[in-house]
There are 2 protein chains.
Amino acid sequence: MKISELSRQSGIPLPTLKFYLREGLLPPGTLTQPNQADYSESHLRRAELIRALREVAGLSIAKIRAVVDALEQGEATYEVMGQAVDALGGEAVSAFTLAQAQAATDIDTLLTELGLPIRDESLARHQIIAAFATVRTLLFPDVAAEFLMPYYLAAEKLARLEKAATPGLFELPPEQALEKAMLGLALFEPILVAFRRLAHERIVLEVLAPEASPPARR
Amino acid sequence: MKISELSRQSGIPLPTLKFYLREGLLPPGTLTQPNQADYSESHLRRAELIRALREVAGLSIAKIRAVVDALEQGEATYEVMGQAVDALGGEAVSAFTLAQAQAATDIDTLLTELGLPIRDESLARHQIIAAFATVRTLLFPDVAAEFLMPYYLAAEKLARLEKAATPGLFELPPEQALEKAMLGLALFEPILVAFRRLAHERIVLEVLAPEASPPARR
DNA sequence: AGATAGTGGACAGTGACACTATCCGATAGT
DNA sequence: ACTATCGGATAGTGTCACTGTCCACTATCT
């Protein structure tokens, strides 16, 4: 398949495909002539993966590159997941404030109880620390560390529901299994986030009008 | 308090404060002289709110403006929440693909069962539709609509835990209550997202080494 | 065989975004 | 009096994710 065909099937503009090739998100096609290349089904799948990560999950090009690089090198599953989880994550915090140091202690205690490794470079950990510290300083100084464990467990429940919704994922050939695992990680996130917002809307509704049906919105 | 003092207390660079003033995120101070203005505690709180929404929650200036505008006009709580939930959300989808139309039906059924209004402009709804449709087309064509309700309920569980962690929020003066509700909505999100990623890491660990302790990561 | 559309590759240009920098004439503090 | 700081306005910066244009060459149709 030529690049125009790839563009047609994926719905991605041709100049954008060229851009993805330049950026190394999409592996180059196999050259049949000095200026003719051939693209396969796996290029199409990759292109769709890139598009989904970009448009639906909202990842930056740099993060997508980190994800596909992790996929590419065919490392052990757990390694790739770690890379990828980091790729999806936020920014690293350079210097810890006092509140952040306190939050870090609380988070690391939790991670230890869960049997998860504490990696200094884990972006997920940094993100939690930054956000939890801000919760304490700006929102509610008395939020106890005991809040974290049940909250984590509720999040794990969600992850297990996602896993149950995509059975047989680990029976696929490794390359595709990883691709799909990444997709799942990235695609369910916006659903979860939006559901949580709807839930808050619903809870506010309850507080305001405990037994009324929800009012129509302007 | 003058602007330099506001800058010092909030830790926000002075030119950035000026930028926020220009953009209307921060209300202007009260002029004591044609070129001297006075800023209050509420300006400080607002500045910190802006910073938290920007840095921790990762909102764009435009979305933050939507949030503070909703706060500003002192509307009814539910209205403001709706505005704000939308402000936090993703992008609207213009034309529905076939898969998206199918997803929309499934989502709207769910919303109806929950007693939530179906608003065409709800960004949360759009986001769910786009992501769920992509899950079906790219990840797993057979994901049933029955997945959605338990998944939503798990998300609502999280929202209730958050509410429990910040007791007495609705007893505050309305202005501050709304400010804090927004903060909570925005600040717990990165925590939840990061927890979910950790949970997936943990689940993969289980699958790969059912009874081993987690390996140290490079 | 010739016309025309498409190709890979290089490189410049674009528009949105979130700040920064600089300048101004007017005050504030010492 | 004099220096620092003020508010307000305007211009400039760096990043990001494309998008456009150009080129010499190839594929395909007639």
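Convention: sequence-line order gives letters A, B, ...; per-chain numbering from 1. Computed from a predicted model, the values in this text were never measured in an experiment.
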- Note on the structure: Gln36(B) atom CD is separated from dG8(D) atom C1', nearest whole Å, by 12 Å
- Task: Taking only Lys NZ, Arg NE, NH1 and NH2, and the carboxylate oxygens of Asp or Glu, determine whether Arg51(A) and Glu48(A) approach each other closer than 4.0 Å.
- Result: no
- Task: Anything under 4.0 Å to a heavy atom of chain B counts; send over the first and last such nucleotide of DNA chain C, read 5' to 3'.
- Result: dA18(C) to dA28(C)
- Query: Roughly, in whole Å, what's the span from CD1 in Ile61(A) to P in dA17(D)?
  - Reply: 5 Å
- Is any NZ, NE, NH1 or NH2 atom of the basic residue among Arg160(A) and Glu156(A) found under 4.0 Å from an Asp or Glu carboxylate oxygen of the other? yes
- Message: What residues from residues 15-28 of chain B pass a heavy-atom cutoff of under 4.0 Å to DNA chain C?
- Response: Pro15(B), Thr16(B), Phe19(B), Tyr20(B), Arg22(B)
- Message: Just the rounded figure in Å: distance from C1' of dG7(D) to CG of Leu6(B).
- Response: 14 Å
- Note on the structure: In this structure, CG of Leu17(B) is separated from OG of Ser4(B) (nearest 0.5 Å) by 10.0 Å
- Separation of Leu158(A) CG from Glu189(A) CD (nearest 0.5 Å): 11.5 Å
- Item | Nearest-0.5 Å distance that lies between atom CD in Gln127(A) and atom CG in Leu192(B) | 10.0 Å
- Is Glu5(B) paired with Lys2(B) through a side-chain N to carboxylate O contact shorter than 4.0 Å? no
- Item | Carboxylate-amine/guanidinium contact Glu201(A) Arg125(B), below 4.0 Å | no
- Contacts of Ser60(B) and Lys2(B) projected onto DNA chain C by closest heavy atom; the upstream (5') one is Ser60(B)
- Message: Using 30° and 60° as the class boundaries, would you call the ring planes of Phe147(B) and Phe132(B) parallel, tilted or perpendicular?
- Response: parallel
